[in-house]
Structures are given as C-alpha cells and as structure tokens.
Participant: 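Next up is a structure, given as structure tokens.
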Amino acid sequence: MSRRGDEEGNRRVSPRALTIAGSDSGAGAGIQADLKTFAALEVYGLSAITAITAQNTRSVYAAYELPVELIEAQIDAVLEDIGADAAKTGMLASPQIIEAVAGRVRKWNLRLVVDPVMRAKSGDALLQSDAVQALRSQLLPLAEVITPNLPEAEILVGGPIDTLEDMREAARRIHALGVQHVVVKGGHSSGEPIDVYFDGQQFVELRSQRIKTAHTHGTGCTFSAAITALLARGLPVEKAVAGAKRYITEAIRQAPGIGHGHGPVEHFWQWRQLATSTDAGSEGLIGAS
Ligand SMILES: Nc1ncnc2c1ncn2[C@@H]1O[C@H](COP(=O)(O)OP(=O)(O)OP(=O)(O)O)[C@@H](O)[C@H]1O
Ligand SMILES: Cc1ncc(CO)c(N)n1
C-alpha cells in the first residue's frame with residue numbers, strides 16, 4: 001500500500017483516496033463526482049485527470065485526452081507526498097492511458113477499484129473500442145474490485161446478460177480474468193436494480209427498490225467512489241460494497257433535479273439532512289429548503 005504520512009506530525013491523519021478519471025464539466029460524473037463522494041464520506045480526495053470532457057446532463061460535446069506523461073506525473077506527485085489508502089479508475093479513454101495507469105498501480109502497489117467506464121448515460125463513448133483488450137489484460141489482474149454495469153459486463157464477457165443467473169455467470173468469468181471481487185451492477189436492467197457481488201466463493205445479491213427518476217448521471221462513478229472511500233476507511237470489501245449500495249440508493253432518491261437531461265445525484269445527502277433538520281424548533285444549519 002502506498003499510504004504514507006502517519007509520520008507527518010499532523011494532529012489528525014484522515015484516510016485518503018485517489019481517483020484516476022476524466023473531468024465532467026457538468027460535475028455529475030467523473031473526477032467531480034468522485035471527489036464529492038470522498039468528501040461526503042469524510043475521506044481526503046486526490047485526483048489524477050486522464051481526460052477533459054465538455055459535458056452536461058444531456059450529452060458529451062467534446063473530449064481531450066491528456067498526455068500520458070502528465071497523467072503519470074499527477075499520480076506520482078500525490079503519492080510520493082500524500083499517499084492513498086485506496087484508489088479507483090474511471091474514464092481511461094485509450095490503451096496507452098490504461099497501460100500507463102497499470103504501470104503506476106504496480107509501482108505504488110495501490111489497492112484498486114476499477115469502474116470500467118465505456119459510455120456516458122447519454123450514450124457517448126468514453127473508451128476507444130480497441131482499449132477493451134488492454135483493460136482486460138493489463139488492468140483487471142491488478143484490481144481488488146471491479147464494478148461493470150450490464151453493457152460493460154456484456155462487452156467484458158462477450159455475450160448477452162439477461163437474467164440473474166447470467167449476471168452470476170458473468171461475475172464468475174470476470175473473476176477468472178484476475179479480479180478479486182466483482183460487482184455486476186443491475187442499474188440498466190428493467191426490474192429492480194439488483195447488483196451481484198462475487199468474491200470467488202460466495203455470491204451476494206445487493207437489492208434496492210428502483211427509484212423512478214431521470215437523474216442517474218454519474219451513479220456508477222459515485223458507487224465505485226463510495227466503495228473506494230469505505231475501503232480507505234478500513235472496511236472489508238463486502239461491507240464497503242454494501243455501504244456503497246446504501247449510499248448510492250439514497251443519493252439517487254435525493255437527486256436535486258439539475259439540468260434538462262440525466263441530472264446528477266445528491267452526494268451530500270447525509271449533510272443535507274443534518275443541515276436542514278429541525279431540532280427543537282431550530283432550523284438546522286441552513287434552514288429547511
Ligand atoms: N433507478 C435506480 N434506482 C435505484 N438504484 C439504481 C437506479 N439506477 C441505478 N441504480 C444503482 O446505482 C448503482 C450504479 O448503477 P448503474 O448501472 O446505473 O451504473 P452506471 O451505468 O455505471 O452509471 P454511470 O455510467 O452513469 O456512471 C448500482 O448500485 C445500481 O443498482
Ligand atoms: C468524465 C466522465 N466519466 C465517467 C462518466 C460515466 O458516467 C461520464 N459521463 N463522464
């Protein structure tokens with residue numbers, strides 16, 4: 001693990017997490033969603049930006065990949081000084097970026113959560129099609145946890161996933177690629193959003209009600225960032241995944257309804273409750289809205 005800093009002499013040493021992902025100018029997904037999730041779960045967030053997107057709740061209008069050397073330099077800069085208890089990847093865009101990130105994960109011996117981002121909710125591609133092989137062969141064997149949605153899992157296993165048993169079989173096959181813990185997310189299914197967790201031995205179904213909403217932009221980023229934050233806080237993987245499921249469900253339920261397309265979720269729902277709660281007649285920190 002690359003965590004350093006306990007020796008820094010700070011009075012309070014907080015858990016740290018690193019996100020290696022793309023920037024979403026609409027701030028519902030990507031680096032921005034990850035950092036908000038880390039902050040909401042009281043983990044100090046670090047970032048290495050892989051690509052910059054011009055994006056809102058409707059569409060991705062443009063994307064620009066950063067040079068590989070600059071991505072490596074961001075990772076080295078934060079880890080040699082600050083350190084991270086866990087890291088996650090999001091948008092990686094190209095085979096060259098995947099290769100570079102895999103090199104840094106090995107160099108710093110990072111505990112890694114991979115969100116194998118391929119498309120935005122709007123349908124726009126965020127990963128080149130020739131990058132899937134690099135993802136499978138280079139990054140997946142380094143991952144402690146992977147969180148594919150149904151279309152991503154279908155691409156990773158090369159076949160359709162229609163039933164709960166298909167999700168279990170996909171999790172088995174992705175585990176065989178070298179990932180220790182697999183969560184196949186059911187957000188894209190038509191029924192209840194059941195996520196299937198597999199650790200190589202046991203399956204756990206993570207269930208929740210489907211919330212009827214258009215505001216699901218960045219749900220995958222937020223879910224994987226919450227897993228990363230809870231790992232950084234020292235939870236075992238299964239508990240981190242269960243905690244992240246509770247966090248994302250409430251974040252979707254309390255989505256603020258921003259924008260004209262798929263809006264963001266509410267990352268700070270716990271704080272919002274505290275801030276607006278009426279206690280013995282007081283109006284909380286900011287008053288009820
Ligand atoms: N309408 C919903 N109601 C409740 N939970 C949901 C809903 N949609 C998604 N989820 C949950 O949110 C989490 C993220 O799942 P999802 O499949 O939407 O990710 P994703 O497609 O990777 O997201 P994105 O690409 O927009 O970041 C999962 O735990 C899933 O079950
Ligand atoms: C930058 C970025 N990363 C990930 C996603 C997936 O939601 C997105 N829409 N944008």
Side-chain angles (χ1 to χ4, degrees), residues 19-37 47-66 88-93 97 113-127 145-156 161 164 167 170 183-197 204-227 240-255 259 261-267:
T19 168
I20 305 168
S23 166
D24 167 9
S25 49
I31 287 278
Q32 290 84 355
D34 294 344
L35 290 177
K36 284 189 264 188
T37 305
S47 64
I49 300 183
T50 55
I52 297 174
T53 70
Q55 188 175 170
N56 58 25
T57 64
R58 288 189 179 127
S59 192
V60 178
Y61 297 92
Y64 181 81
E65 289 167 30
L66 295 187
K88 66 154 280 188
T89 58
M91 175 184 180
L92 294 174
I97 295 178
V113 176
V114 172
D115 182 16
V117 170
M118 296 183 190
R119 284 185 187 280
K121 276 270 145 66
S122 53
D124 298 283
L126 299 173
L127 184 74
V145 185
I146 188 169
T147 60
N149 62 25
L150 287 176
E152 290 159 355
E154 286 179 339
I155 287 169
L156 288 173
I161 302 173
L164 208 52
M167 288 173 80
V183 187
V184 178
K185 298 174 295 191
H188 291 244
S189 70
S190 48
E192 302 291 273
I194 302 169
D195 302 341
V196 171
Y197 167 88
V204 178
E205 284 166 19
L206 300 144
R207 291 171 175 269
S208 68
Q209 285 186 335
R210 177 166 294 280
I211 299 156
K212 286 196 180 62
T213 177
H215 304 304
T216 52
H217 181 75
T219 49
C221 305
T222 302
F223 178 65
S224 55
I227 296 173
V241 170
K245 176 73 171 173
R246 285 202 303 278
Y247 177 78
I248 186 62
T249 304
E250 200 52 36
I252 297 170
R253 202 188 307 282
Q254 298 205 23
H262 293 293
V265 301
E266 174 56 63
H267 292 92

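Both backbone and side-chain heavy atoms feed into the values below; hydrogens, waters and symmetry mates do not. Counting convention: from 1, in listed order, for ligands and their atoms alike. Fair warning: this is a prediction, and the values are worked out from it, not measured in the lab.
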Participant: Could you check atom 25 (O) of ligand 1 against the protein and tell me its nearest heavy-atom contact, residue, atom and distance included?
Facilitator: R119 O, 4.1 Å
Participant: Which option out of I194, D195, V265 puts a heavy atom nearest to atom 28 (C) of ligand 1?
Facilitator: D195
Participant: Can you check which of K245, E192, R210, K185 brings a heavy atom nearest to atom 22 (O) of ligand 1?
Facilitator: K185
Participant: What protein heavy atom sits nearest atom 3 (N) of ligand 1, and how far away is it?
Facilitator: I211 N, 2.9 Å
Participant: Check ligand 1 against C221 and write out every atom of the ligand that is under 4.0 Å from a heavy-atom position of the residue.
Facilitator: 27 (O)
Participant: Can you tell me if H262 contacts ligand 1 (heavy atom of the residue under 4.0 Å from the ligand)?
Facilitator: no
Participant: T216 heavy atoms, cut-off 4.0 Å: which ligand 1 atoms fall inside?
Facilitator: 26 (O)
Participant: Relative to the heavy atoms of I248, which atoms of ligand 1 are at a distance of less than 4.0 Å?
Facilitator: 12 (O), 29 (O)
Participant: Over all heavy atoms of both residues, which pair between G30 and D24 is shortest? Give the atoms and the distance, please.
Facilitator: N-CB, 4.5 Å
Participant: How far apart are the C-alpha atoms of K36 and E266, what are their side-chain angles, what is the distance that settles it, and do they pass the side-chain contact (heavy atoms from CB on, under 4.5 Å) test?
Facilitator: CA-CA 10 Å; K36 284 189 264 188; E266 174 56 63; over 6 Å; no
Participant: Checking S23 against Q32: is there a side-chain donor and acceptor pair closer than 3.5 Å?
Facilitator: yes
Participant: I need the nearest protein heavy-atom contact for atom 7 (C) of ligand 1: residue, atom name and distance, please.
Facilitator: I252 CD1, 3.7 Å
Participant: If the criterion is any heavy atom closer than 4.0 Å to an atom of ligand 2, which residues make the list?
Facilitator: G22, S23, A29, G30, Q55, M91, V117, A120, L126, H217, C221
Participant: Is D115 close to ligand 1, meaning an N/O of one under 3.5 Å from an N/O of the other?
Facilitator: no
Participant: Would you mind listing which atoms of ligand 1 come within a distance below 4.0 Å of any non-hydrogen atom of Q209?
Facilitator: 3 (N), 4 (C)
Participant: For residues 145-154, which residue pairs pass the salt bridge (charged side-chain N to carboxylate O under 4.0 Å, His left out) check, not counting sequence neighbours?
Facilitator: none
Participant: Does ligand 1 come near enough to G220 that some N or O of the ligand is less than 3.5 Å from an N or O of the residue?
Facilitator: yes
Participant: Is the backbone N or O of I49 less than 3.5 Å from a side-chain atom of S47, with the two atoms forming a donor-acceptor pair by type?
Facilitator: no
Participant: Given V60 and S122, is the side-chain contact (heavy atoms from CB on, under 4.5 Å) satisfied, shown in steps?
Facilitator: CA-CA 7 Å; V60 178; S122 53; 4.2 Å; yes
Participant: Can you confirm whether Y61 is buried at OH, in the sense that more than 12 heavy atoms of other residues, nucleotides or ligands lie under 6.0 Å from that atom?
Facilitator: yes
Participant: Given V183, which partner from the list N149, V241, V113 fulfils the side chain to side chain contact (heavy atoms under 4.5 Å, CB included) test?
Facilitator: V241
Participant: Pick from T216, T222, T219, T57: which one makes a side chain to side chain contact (heavy atoms under 4.5 Å, CB included) with P264?
Facilitator: T57
Participant: Tell me which one of G90, G187, A33, G218 gets a heavy atom nearest to atom 9 (C) of ligand 1.
Facilitator: G187
Participant: Dump the intermediate steps for side-chain contact (heavy atoms from CB on, under 4.5 Å) on L92 and V117, then the final yes or no.
Facilitator: CA-CA 8 Å; L92 294 174; V117 170; over 6 Å; no
Participant: Which heavy atom of G186 sits nearest to which heavy atom of D195, and what is that distance?
Facilitator: N-OD1, 2.9 Å
Participant: Ignoring angles and geometry beyond distance, decide whether H188 reaches within less than 3.5 Å of ligand 1 through its nitrogen or oxygen atoms.
Facilitator: yes
Participant: Taking N or O atoms only and a 3.5 Å limit, does T219 qualify as a polar contact for ligand 1?
Facilitator: yes
Participant: So which atom in A125 and which in R119 form the shortest heavy-atom distance, rounded to 0.1 Å?
Facilitator: N-NH1, 3.6 Å
Participant: Numbering the atoms of ligand 1 from 1, which are under 4.0 Å from a heavy atom of K121?
Facilitator: 18 (O), 20 (P), 21 (O), 23 (O), 24 (P), 26 (O)
Participant: For the CZ atom of R210 and the OG1 atom of T249, what is their distance to the nearest 0.5 Å?
Facilitator: 11.0 Å
Participant: Given side-chain contact (heavy atoms from CB on, under 4.5 Å), test M91 with T53 step by step and report yes or no.
Facilitator: CA-CA 10 Å; M91 175 184 180; T53 70; 3.9 Å; yes
